[in-house]
Amino acid sequence: MADGFVRWYRESAATSVFAEQVELFAEYGLRLPHPVRGDAFVVDVEGDDVPIGREELTRLLGMRIASLTMNWWFSADNNVIDEFVYEPLGCEIQTLWLDGLTPGEVLRVEAAVTAATTRLAVPTRAVIIDRGGASDPEEWDSAVLYDGDRVPRFPDGVLAQGHIAQKVVRATPGLVREVVGAGLCRLVPA
């Protein structure tokens with residue numbers, strides 16, 4: 001079983017929407033620059049925080065050449081690890097790890113990502129909200145990226161485009177469906 005996470009699948013935009021995402025996440029208390037040290041931080045292969053300027057981070061993400069792991073900060077000692085990956089199928093994936101957060105902070109991460117799905121100018125395929133780690137994030141790739149029929153164990157909630165939402169509903173009867181905008185449906189247990 002994995003740690004809790006929010007996994008956001010979205011189409012690759014012609015131009016990066018990262019600057020807009022930084023502003024939007026800040027509305028929910030998630031800040032890119034460290035509150036004391038000032039820089040943004042990426043995580044190296046050893047798991048250490050490495051300072052990086054916001055402009056350099058934005059440039060690297062805009063080039064779409066590699067996966068990056070970075071931090072969003074609630075406070076000087078409380079952060080959210082965010083794995084940013086590009087798939088060759090024209091999809092960007094962000095996995096925000098929820099371990100170590102308070103229930104209120106978890107809700108703020110969920111709210112920030114949910115708001116981004118309707119406010120950023122890039123279509124979202126799906127958002128998987130799994131607070132307790134009932135599934136592994138990569139288990140969702142088949143259904144969301146490759147039109148696979150296998151749907152993992154249902155997590156706490158899913159936002160998804162129509163055809164993906166239909167697959168999830170078929171695999172998990174009894175879900176409540178709510179339209180949230182931007183072509184997305186929110187699926188939650190009844």
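FYI, the numbering just counts along the sequence from 1.
Without hydrogens or angle criteria, Glu105 side chain to Phe74 main chain gives no donor-acceptor distance under 3.5 Å. At distances below 3.5 Å, at least one donor-acceptor pair connects side-chain atoms of Lys167 with backbone N or O atoms of Gly148. His34 places no side-chain N or O within 3.5 Å of a backbone atom of Phe41 that could act as its donor or acceptor partner.
Ion pairing between Arg59 and Glu56 holds under the 4.0 Å rule for side-chain N and carboxylate O. Contact check on Glu110 versus Arg131 returns a salt bridge, with a Lys/Arg side-chain nitrogen under 4.0 Å from an Asp/Glu carboxylate oxygen.
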Leu68 vs Leu57, side-chain contact (heavy atoms from CB on, under 4.5 Å): CA-CA, chis, key distance, verdict | CA-CA 9 Å; Leu68 288 171; Leu57 180 57; 3.8 Å; yes
Apply salt bridge (charged side-chain N to carboxylate O under 4.0 Å, His left out) to the pair Glu27 and Arg119, showing each step before the final yes or no.
-> CA-CA 12 Å; Glu27 294 174 22; Arg119 291 177 45 193; 2.9 Å; yes
Does the pair Val169 and Leu187 meet the rule for a side-chain contact (heavy atoms from CB on, under 4.5 Å), with working shown?
-> CA-CA 8 Å; Val169 168; Leu187 306 172; 3.8 Å; yes
So Thr69 and Phe84, side-chain contact (heavy atoms from CB on, under 4.5 Å) or not? Walk me through it.
-> CA-CA 6 Å; Thr69 302; Phe84 204 108; over 6 Å; no
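Interatomic distance, OG1 of Thr102 versus CG of Leu107, reported as 8.5 Å (0.5 Å rounding). Expressed to the nearest 0.5 Å, how far CG of Asp49 lies from CG of Asn79 amounts to 6.5 Å. In this structure, Ser67 OG and Leu61 CG are separated by 10.0 Å, a value rounded to the nearest 0.5 Å. Atoms CG and CD, on Leu159 and Glu178 in that order, are 9.0 Å from each other to the nearest 0.5 Å. Rounding to the nearest 0.5 Å places CG of Asp130 at 9.0 Å from CD of Glu139. For the atom pair CD of Glu92 and OG of Ser16, the computed distance is 6.5 Å after rounding to the nearest 0.5 Å.
Of all the heavy atoms in Ala182 and Thr117, the pair that sits closest is CB-O, 3.8 Å. The nearest pair of heavy atoms linking Trp73 to Pro35 is CB-CD, 3.8 Å. Leu24 approaches Ala112 most closely through the heavy-atom pair CD2-O, 3.4 Å. Closest of all the heavy-atom pairs between Ile164 and Ala143 is CG1-O, 4.2 Å. Scanning both residues, Leu32 and Met70, for their nearest heavy atoms gives CD1-SD, 4.4 Å. The shortest heavy-atom contact between Pro173 and Arg170 is CD-O, 4.2 Å.
The side-chain contact (heavy atoms from CB on, under 4.5 Å) with Val109 is formed by just one residue from the set Thr114, Val6, Ile129; it is Val6.
Cluster membership check: Val127 shares its hydrophobic cluster with Val180, using side-chain heavy-atom separations under 4.5 Å among Ile, Leu, Val, Met, Phe, Trp and Tyr. Clustering ILVMFWY residues whenever any of their side-chain heavy atoms sit less than 4.5 angstrom apart, transitively, puts Tyr28 in a cluster other than the one holding Ile81. Leu175 and Ile128 fall within a single hydrophobic cluster, where Ile, Leu, Val, Met, Phe, Trp and Tyr are joined by side-chain heavy atoms under 4.5 Å apart, directly or via other members. Linking Ile, Leu, Val, Met, Phe, Trp and Tyr whenever their side-chain heavy atoms come within less than 4.5 Å puts Leu30 and Val42 in one cluster. A single hydrophobic cluster is seen to contain both Trp8 and Val106, as judged by linkage of ILVMFWY side chains at heavy-atom distances under 4.5 Å, directly or through other members.
Looking only at side-chain heavy atoms (C-beta outward), Arg186 and Val158 stay at 4.5 Å or farther from each other. Between Pro155 and Phe5, every side-chain heavy-atom pair lies at or beyond the 4.5 Å cut-off. Side-chain contact between Leu96 and Val113 is present, with at least one heavy-atom pair separated by less than 4.5 Å. Annotation: side chain of Cys91 is in contact with side chain of Arg125 (closest heavy-atom distance under 4.5 Å). Residues Asp141 and Glu138 are in side-chain contact: their nearest non-hydrogen atoms beyond the backbone lie under 4.5 Å apart. The shortest side-chain heavy-atom distance between Leu145 and Tyr9 falls under the 4.5 Å cut-off.
Partners of Asp39 according to the side-chain hydrogen bond (donor to acceptor under 3.5 Å, both in side chains) rule, which considers only residues two or more places apart in sequence or in another chain, do not exist here.
Annotation: ring-ring contact (aromatic ring centres under 6.0 Å, His included) contacts involving residues 127-186, sequence neighbours excluded, are absent.
Using bins of under 30°, 30° to 60° and over 60° for the plane-to-plane angle, the ring pair Phe25/Trp72 lands in the tilted bin.
Judged by distance alone, the side chains of Thr95 and Arg7 do bring a donor and an acceptor atom under 3.5 Å apart. Inspection of the Asp82 and Asn71 side chains reveals no N or O donor paired with an N or O acceptor under 3.5 Å.
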